[in-house]
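Before any comments, here is the structure.
Chain naming here is simple, since letters A, B, ... match the order of the sequence lines and numbering starts at 1 in each.
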Amino acid sequence: MFCSSLFFYGWWNWRFVFLLLWAIASNWLAGTQIDKHLQLGNKDSAKNWMRTAIVADLALLGVFKYYDFFAVELSNLLGSGTAIPLLELTLPVGISFFTFQAMSYVIDMHRKLIKPMPVLDFAVYLSFFPQLVAGPIVRASEMAPQISQRPDPRQVASGEAFQLILRGLFKKVVISSWLASTIVDDVFANPEGHSSQEVLLGVYGYAIQIYADFSGYTDIAIGVALLLGFRFPTNFDRPYSALSLREFWKRWHITLSSWLRDYLYIPLGGNRGEKADTYRNLLITMILGGLWHGSTWNFVIWGAIHGVALAVERLLPKSQIHPVLRWIATFHIVCFAWIFFRAESFSSAIQVLKAIIIASGPTDLSNALLILVLAAMLLAQFIPDSRSEDLKRWLNRRGILTQGLAFGIGLVLIDMFGPDGVAPFIYFQF
Amino acid sequence: MENGTGAELNPQSRSGGFPAGQVFLSGVAGLTLAAFINSSALLTDAERLPDSRSRSLSVAIWTPIEAAASTLRLTWPRTVGDSLLGRSGDEGHITLRREHIEAVSEPQSEEWLVLSVEEEQGPELHLDQGATDTSESIWDPGNPFTIWVLGDSMVQFFGETFVMMAEKSPSVSATAEPKLASGLSRPDYFDWPARISEVMTTYDPDAVILMFGGNDAQNIRADDGRWLDRFSEQWEEEYRRRIALVMDLAASEPERIVLWVGQPPMRGVGFDLRMNQLNDLYRAEADERQGVHYLDLRSLFTDESGNYARYLLDSSGQLVDVRLTDGVHLSHWGGEWLSEFLLKEIKKSPEVEELWNE
């Protein structure tokens, strides 16, 4: 499994395999040392090992993902032009995901939540190919037992796996790609060239596109892992049905939000102090969460919008607001933040916002099918889990050959309905 | 096959899953079924690959599968589905020669009166009310100065920015039409000469911006079916002929402004070298034509040492990222730089410049 994962990662760029191997070796060693020192009662040494490992992990992220961003900002601030040398490195795919997994391992080890994993098990955990490039961010506590016990080859949940893979492919190939090419890319490239109605539909379209894209990848990853006998945690749970921002973050990219909660928000003090401290902690957590996605100011603004909205939400008397109004407000705050997430620059985001209010261009991109797809995708968020459980049970009751053939026919249908070219997954860049 | 996946006969295993071997075989069965039903599309995809061993291998694999699937009539579900969705596998004949242009440019309805490239010397005649007579030099919102930007994925990354900047004048109408992964090497994937001919005859733009090359450093197939090795003498001859054809189509109107945008410097050394070779060909062909202006982007997107740089200083002395992380495409800011550069070129005609001074 380890070799397969390295081959998978090296297929994209073999040089970065060494980076992955470094992350595996350094964090495994740190984890082992943390446990050893804790056993000996040497808490300071254990803490130092944990800190060293975290610094090393953050250094990896810093060099590859953030150095140029801060160097450019500093250069511009100092007015020194190119005085600060730039690295211009290629961002290794999945670095944000596997470094976060590695950090959770050493922190959980220090918190005595887990035991050291054998080196090969740890290597499999950190490099496991279905989730290596775009998550979900799986904790060692979730994967270690599954790796050590070895999957049972007599009981592969094929029905559920096939269903998840098909669902993910449908979301990515058909929905996400179609929305991108039909309206989203055009609207965000030239908001002033479209009507207010179109720009608004473009923003709604992006909300659905990024959900379909990322949750689609997650579905595929979970499905593939299931075929190999591993079960990943849920990463999306109908996020656009949320009636509050707090609920949204319990449903959107759950493995990242829980990571930020457990390893950043709570260590910062969480909601244990004064209200002002809680608001500050929320803001810091969400801004850093935004920065995790990429080294641009737009991601910082995206995080800040969520941080401020989460803080403001705590001030409001939720019980007195009608659920429909709460849903509308939550969905639109999320969409507002998505504008900054998607736009190429701050000024582009402002252009989109302006265009929603005052643009008067043509409306030839807006059509009944688009509105129908957007409405259907939003309504699907309100379908209870039990319905998809029914589908899973139905598929599980079918014979294995029927499942396989249904899988094949599903692939053909997805390819047929999908556009000619499919863009890479959005979250590959993070 | 059912014997091979014996779980059909083993209902007790259905509650918690099936043995891995049976799941593997059922997956293979499903993928095989999908491959047969989809074999025509997969063979087409294989044929579109750049000439290489993997292309030969892919074509060798999919050709017999497609033949077997067609014989067994397994391809009809996909064919029927594509027809229902309005997608036809028949992409028409490829426009590699001037003599084909007339056929490709045949009027789509009686409203159009179109001349072939070799015949047309004066302004084209359109019967539609919105047609532009380029002999008139006055443009207004009702009769805008029209610009078309055509090309590969490079256009995808700056085209709409250009449209937005150009349309700051109400008397300008701009259209960007990128086709990803396209170029002049593989008309079997996308037939640019046919499309350009169609655009020129149908829309008669006042200015055309063309940008190709990113996907063109590959072997190309000659008329006689032979593959010509990349950058061989014969390859260059054939590729230059295609450049010439496209330039002539775009410059079929003497008054039309035609800008051919060269490839910017690339991060990859080998890729950069190949793009430079292509740039030399574009420049050489443009130099032979009075109506086509070649624009060199190297000075626009290189640092003080003349090398590729992702970050460059803008006019206010601020560093901005002008390229995407792939080391090929332009970022948003890079797109703005290029768009400004292109507009500056278009505005070189005083009559046209006035459009943005209104």
Side-chain angles (χ1 to χ4, degrees), chain A residues 68-69 71-73 75-76 79 81-82 86 88-91 151-162 185-186 188-193 226-229 296 343-345 348 351 396-413 415-417 420-421 423 429, chain B residues 1-2 5-11 13-23 25-35 37-38 41 77-78 81-82 85 87 156 159-161 163-164 167-168 176 180-181 267 303-304 309-311 313 317-321 325-327 331-333 335:
Chain A
D68 279 352
F69 170 67
V72 166
E73 293 303 321
S75 286
N76 288 339
T82 52
L86 300 174
E88 300 197 8
L89 298 171
T90 303
L91 183 68
D152 182 357
R154 295 165 301 176
Q155 296 288 323
V156 177
S158 53
E160 188 179 356
F162 287 148
D185 289 349
D186 283 344
F188 277 87
N190 182 12
E192 290 169 357
L226 267 179
L227 286 176
L228 297 168
T296 72
E344 299 281 350
S345 65
S348 302
Q351 280 174 352
N396 276 338
R397 282 200 296 271
R398 306 278 77 79
I400 184 64
L401 184 61
T402 309
Q403 285 184 11
L405 296 180
F407 179 64
I409 291 167
L411 291 178
V412 174
L413 289 172
D415 185 55
M416 196 165 74
F417 282 102
D420 206 13
Q429 65 187 296
Chain B
M1 193 173 284
E2 287 200 7
T5 53
E8 298 279 308
L9 311 171
N10 185 14
S13 63
R14 292 179 189 177
S15 53
F18 291 99
Q22 292 180 9
V23 173
L25 287 174
S26 79
V28 170
L31 290 172
T32 306
L33 177 70
I37 294 175
N38 237 7
R78 178 67 201 245
D82 283 340
L85 291 169
R87 295 174 182 172
Q156 174 94 358
E160 286 298 327
T161 305
V163 169
M164 188 169 62
E167 290 188 343
K168 282 186 176 161
L180 301 185
R267 187 174 59 201
D303 60 17
E304 291 162 348
R310 184 180 167 198
Y311 297 91
L313 290 170
Q318 297 279 296
L319 272 176
V320 291
D321 57 332
T325 51
D326 61 12
S331 69
H332 172 73
W333 297 113

For side chain to side chain contact (heavy atoms under 4.5 Å, CB included), just list the numbers for A:Asp415 and B:Arg78, CA-CA rounded to whole Å, side-chain angles, deciding distance to a tenth of an Å, and then say yes or no. CA-CA 10 Å; A:Asp415 185 55; B:Arg78 178 67 201 245; 2.6 Å; yes
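Scanning for side chain to side chain contact (heavy atoms under 4.5 Å, CB included) contacts around A:Ser345 gives A:Ser347, A:Ser348, B:His332, B:Trp333, with sequence neighbours left out. In this structure, the salt bridge (charged side-chain N to carboxylate O under 4.0 Å, His left out) partners of A:Asp152, at least two apart in sequence or on a different chain, are A:Arg154.
Here the straight-line distance linking atom CG of B:Leu33 with atom CZ of A:Phe407 works out to 11.5 Å at 0.5 Å rounding. Within the model, atoms CD of A:Glu192 and NZ of B:Lys168 stand 6.5 Å from one another, a figure rounded to the nearest 0.5 Å.
Of all heavy-atom pairs spanning B:Ala34 and A:Gly408, the tightest one is CB-O, 3.4 Å. Contact between A:Val412 and B:Ile37 at its shortest, heavy atoms only, is CG1-CG2, 3.6 Å. Shown here for B:Phe18 and A:Gln403, the closest heavy-atom pair between the two residues is CE1-NE2, 3.5 Å. Annotation for B:Gln22 and A:Ile400: closest pair O-CG1, 3.6 Å, computed over non-hydrogen atoms. Between B:Ala29 and A:Leu405 the shortest heavy-atom distance is O-CD2, 4.0 Å. Taking each heavy atom of A:Met416 and B:Pro77 in turn, the nearest pair found is SD-O, 4.4 Å.
Of the atoms belonging to A:Glu160, not a single heavy atom falls under 4.5 Å from chain B. With a 4.5 Å cut-off on non-hydrogen atoms, A:Leu228 does not touch chain B at all. Interface residue A:Phe417: backbone and side-chain heavy atoms are both found under 4.5 Å from chain B.
In terms of heavy-atom pairs under 4.5 angstrom with chain B, the leader among A:Gly229, A:Ala161, A:Pro153 is A:Pro153.
Using modelled atom types, one side-chain atom of A:Asn76 and one backbone atom of B:Leu319 make a donor-acceptor pair closer than 3.5 Å.
In this structure the side chain of B:Glu160 never reaches within 4.5 angstrom of the side chain of A:Asp185, judged on heavy atoms. Side-chain contact between B:Ser26 and A:Phe162 is present, with heavy atoms from C-beta onward closer than 4.5 Å.
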